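Read the structure below first, then the notes.
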Amino acid sequence: MAKKESMSLSLEGEKVILVPYFDSHVPNYHLWMQNPFLLQSTASEPLTLLQEYHMQLSWSQDPNKETFIVLDKDLVVGNFLHGQPHIEAMVGDVNIFMNDLDDPHLAEIEIMIAEPNSRGKGLGKESVMMMMAFAIEKLGINVFQVKIGESNEASINLFKKLGFVQTSESNIFKEVTLEFQVKEPKNEELVNLMGTVIKHTHT
C-alpha cells in the first residue's frame, strides 16, 4: 500500500507542530485513553495496548482518515526534528474522516487536547485551523462537520468561534452536529494560512 503523504509530513504553526501518529506515540496515547473523561469526550471505548497498536497501524493506512499528533511547541526539547516523535511534547491529536460516500468533499473533524496543562492556550484552535487548511489544499475538502457531546460546552464554543454552525441535535446520542462550509474569502484565508503560519516539512 502506498504511503500516505501525511505520514511523511509535519505542519508547524505558531503554537503547535502536527506530526504523523507514529507507533512510538502509542503508549502515551493509550494512557490518555484510560481517562474516563477523555473516553466520554471522544465517544471512545477503552482498548488494550495491543489493540491501540493495531488501531495506529490501521489509521496510518486508511485513505479516508488523516491523523496528526499535536505537539506543544513550548514542550519540545531541543530543536524540532522532523521524523522524530518528540513524545515529550505530545499533548493531543487532530483527525479528519472522509466517510461520506455521497460527498467526497465532506469530512468530519475531531480535536483532543489530552494534557490538562496544555488546555486553554489556543492549541486546539490552531490545530483545527491547520488541519482544515491541510484538508482544503491537499484533499479538496469544502465542508467540515463536527459531532460533539451536548455537555462538552468548551468544544462546542471552540468550533462556534471558528465559524461552525449547529445543523442538528441528537437526543438519542446526546450530541450536536456543527458544520462549516468553505466559501470565499474564508477559503483564501485558510489556504493563506498554509503558506504563512504553517511550515511544511517532508522526509
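Computation of the quantities below employed the complete heavy-atom set of this structure, encompassing side-chain atoms and omitting hydrogens, waters and symmetry-equivalent molecules. This structure is a prediction, so every number in the text was calculated from the model and none was measured.
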Check whether more than 12 heavy atoms from other residues, nucleotides or ligands sit under 6.0 Å from atom CD of Q40, and answer yes or no.
no

Indicate, with yes or no, if V94 and L162 share a hydrophobic cluster defined by side-chain heavy-atom contacts under 4.5 Å among Ile, Leu, Val, Met, Phe, Trp and Tyr.
yes

Start with the C-alpha distance between D62 and F97, add both sets of side-chain angles, then the distance that settles side-chain contact (heavy atoms from CB on, under 4.5 Å), and finish with yes or no.
CA-CA 10 Å; D62 189 342; F97 307 88; over 6 Å; no

Verify side-chain contact (heavy atoms from CB on, under 4.5 Å) between V70 and L18, making sure each step is shown before the conclusion.
CA-CA 5 Å; V70 178; L18 305 184; 3.8 Å; yes

Might you point out which heavy atoms bring H105 and G140 nearest each other, and give the distance in Å?
ND1-O, 2.9 Å

Please check if I109 and L106 belong to a single hydrophobic cluster, counting links between Ile, Leu, Val, Met, Phe, Trp and Tyr side chain heavy atoms closer than 4.5 Å.
no

Should L75 and L11 be regarded as members of a common hydrophobic cluster, given that ILVMFWY residues are connected when their side-chain heavy atoms come within less than 4.5 Å of each other, either directly or indirectly?
yes

Nearest heavy-atom approach of S118 to L123 is O-CD1, 3.5 Å

Pair listing, salt bridge (charged side-chain N to carboxylate O under 4.0 Å, His left out) test, anchored in residues 113-125, at least two apart
D72-K121, D74-K121

Shortest non-hydrogen pair, W32 vs A114, comes out as CD2-CB, 3.4 Å

When rounded to the nearest 0.5 angstrom, what distance separates OG in S44 from CE in M55?
8.5 Å

Would you say the side chain of F144 lies within less than 4.5 Å of the side chain of V182, judging by non-hydrogen atoms?
yes

Could you go through Q51 and H30, starting from their C-alpha distance and side-chain angles, then the distance that decides it, and tell me whether this counts as side-chain contact (heavy atoms from CB on, under 4.5 Å)?
CA-CA 9 Å; Q51 288 173 324; H30 178 65; over 6 Å; no

Taking a hydrophobic cluster as the set of Ile, Leu, Val, Met, Phe, Trp and Tyr residues connected by side-chain heavy atoms closer than 4.5 Å, whether directly or through intermediates, do Y29 and L39 fall within one such cluster?
yes

In this structure, which one of E126, E12, E14 forms a salt bridge (Lys or Arg N to Asp or Glu O under 4.0 Å) with K73?
E12

From N142 atom CG to M132 atom CE, the distance as rounded to the nearest 0.5 Å
11.0 Å

Close side-chain approach of V26 to L49, heavy-atom, < 4.5 Å:
yes

Would you check if the side chain of H86 reaches a backbone N or O of L81 as a donor-acceptor pair within less than 3.5 Å?
yes

Check whether any side-chain heavy atom of N99 sits under 4.5 Å from a side-chain heavy atom of E108, and report yes or no.
no

Separation between CZ (F164) and CD1 (I156), nearest 0.5 Å, reads 13.0 Å

Straight-line distance of D100 CG to N64 CG, nearest 0.5 Å:
10.5 Å

Is there a side-chain contact between L139 and I96, using heavy atoms and a 4.5 Å cut-off?
yes

Check I148 against V146 and note the closest heavy-atom contact, atom names and distance.
CG1-CG2, 3.5 Å

same_hphob_cluster(I87, M112) at 4.5 Å side-chain heavy-atom cutoff:
yes

Using modelled atom types and a 3.5 Å cut-off, is there a donor and acceptor pairing between side-chain atoms of Q166 and backbone atoms of V176?
no

Test T42 against M33 for side-chain contact (heavy atoms from CB on, under 4.5 Å), laying out the working first.
CA-CA 9 Å; T42 58; M33 301 315 291; 3.4 Å; yes

dist D93:CG -> I69:CD1 (nearest 0.5 Å) comes out at 5.0 Å

Looking at W59, F68, Y53, which hits ring-ring contact (aromatic ring centres under 6.0 Å, His included) with Y21?
W59

Count the heavy atoms belonging to other residues, nucleotides or ligands that lie under 6.0 Å from CD of E45, then report whether that count exceeds 12.
no

Evaluate the side-chain proximity of L71 to F80: yes if any heavy-atom separation is below 4.5 Å, no if none is.
yes

Nearest heavy-atom approach of S127 to I111 is CB-CD1, 3.7 Å

What closest approach, in Å, do H25 and P85 show between heavy atoms, and which atom pair accounts for it?
NE2-O, 2.9 Å

Taking the side chain from T177 and the backbone from T167, do they hold a donor-acceptor pair closer than 3.5 Å?
no

Say you draw a straight line from CD of Q56 to CD of Q61; how long is it, rounded to the nearest 0.5 Å?
9.0 Å

Can you check whether K147 reaches F173 side chain to side chain, under 4.5 Å on heavy atoms?
no

